[in-house]
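Please read the structure below before turning to the comments.
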Amino acid sequence: MDMPLTVRLVLGRCDMEIGSILNLGQGSVIQLEAPNQSQLELLVNERPIATAEAVTKENGLLAARIVEVNSLEDRFMGLTQKD
């Protein structure tokens, strides 16, 4: 099971025009669209495997708590399928 994977936690998504992206600067705010504002999407190799919620640990660090994990079959298929 020593296989490198890319893991990403997605807070939300948005569509922007190139001009808007070029105008971004320090302090800019981007409005995100999320299926459920309190849930994050956990992706492994660009495939969704679980949902999580943002939490703050005792030391003040931001973390994620897994709230729902896709079925083992869905997770495995997502990791082995090629686009």
Side-chain angles (χ1 to χ4, degrees):
M1 300 298 286
D2 291 334
M3 179 173 60
L5 302 171
T6 300
V7 178
R8 197 161 49 113
L9 192 61
V10 179
L11 175 62
R13 302 173 192 276
C14 72
D15 292 322
M16 295 179 73
E17 295 178 355
I18 292 174
S20 297
I21 293 170
L22 295 174
N23 288 325
L24 290 174
Q26 185 172 351
S28 294
V29 176
I30 300 171
Q31 184 170 334
L32 301 175
E33 299 170 6
N36 181 332
Q37 294 299 324
S38 64
Q39 290 189 342
L40 309 174
E41 185 178 31
L42 180 62
L43 304 171
V44 175
N45 285 355
E46 302 303 319
R47 305 283 185 171
I49 66 153
T51 55
E53 63 184 2
V55 295
T56 304
K57 296 179 67 175
E58 303 82 36
N59 57 6
L61 294 176
L62 185 61
R65 176 183 297 126
I66 303 296
V67 293
E68 185 177 353
V69 178
N70 296 2
S71 72
L72 182 59
E73 180 179 284
D74 288 346
R75 288 181 279 152
F76 182 74
M77 290 302 291
L79 294 175
T80 59
Q81 288 177 343
K82 299 281 186 189
D83 287 330

Within residues 15-27 or reaching into it, pairs that qualify as side-chain hydrogen bond (donor to acceptor under 3.5 Å, both in side chains) - sequence neighbours excluded:
none
Would you kindly confirm whether L24 and L22 end up in one hydrophobic cluster when ILVMFWY residues are joined by side chain heavy atoms under 4.5 Å apart?
no
Who pairs with E46 by salt bridge (Lys or Arg N to Asp or Glu O under 4.0 Å), at least two apart in sequence or on another chain?
R8
Here the pair of heavy atoms bringing L40 nearest to A64 is CD1-CB, 4.3 Å
Atom pair CG/CD1 of L42 and I66 - distance to nearest 0.5 Å:
5.0 Å
Sequence neighbours excluded and cut-off under 3.5 Å, please list the side-chain donor-acceptor pairs for residues 49-57, or say none.
residue : atom : partner : partner atom : Å
E53     : OE2  : R65     : NH1          : 2.8

I21, CD1: over 12 other non-hydrogen atoms inside 6.0 angstrom:
yes
How far does CZ of R13 sit from CD of E41, to the nearest 0.5 angstrom?
5.0 Å
Tell me whether V69 shares a hydrophobic cluster with L5, the cluster being built from Ile, Leu, Val, Met, Phe, Trp, Tyr side chains joined at under 4.5 Å.
yes
Taking a hydrophobic cluster as the set of Ile, Leu, Val, Met, Phe, Trp and Tyr residues connected by side-chain heavy atoms closer than 4.5 Å, whether directly or through intermediates, do M16 and L11 fall within one such cluster?
yes
d(N45 CG, M3 CE) to nearest 0.5 Å is 7.0 Å
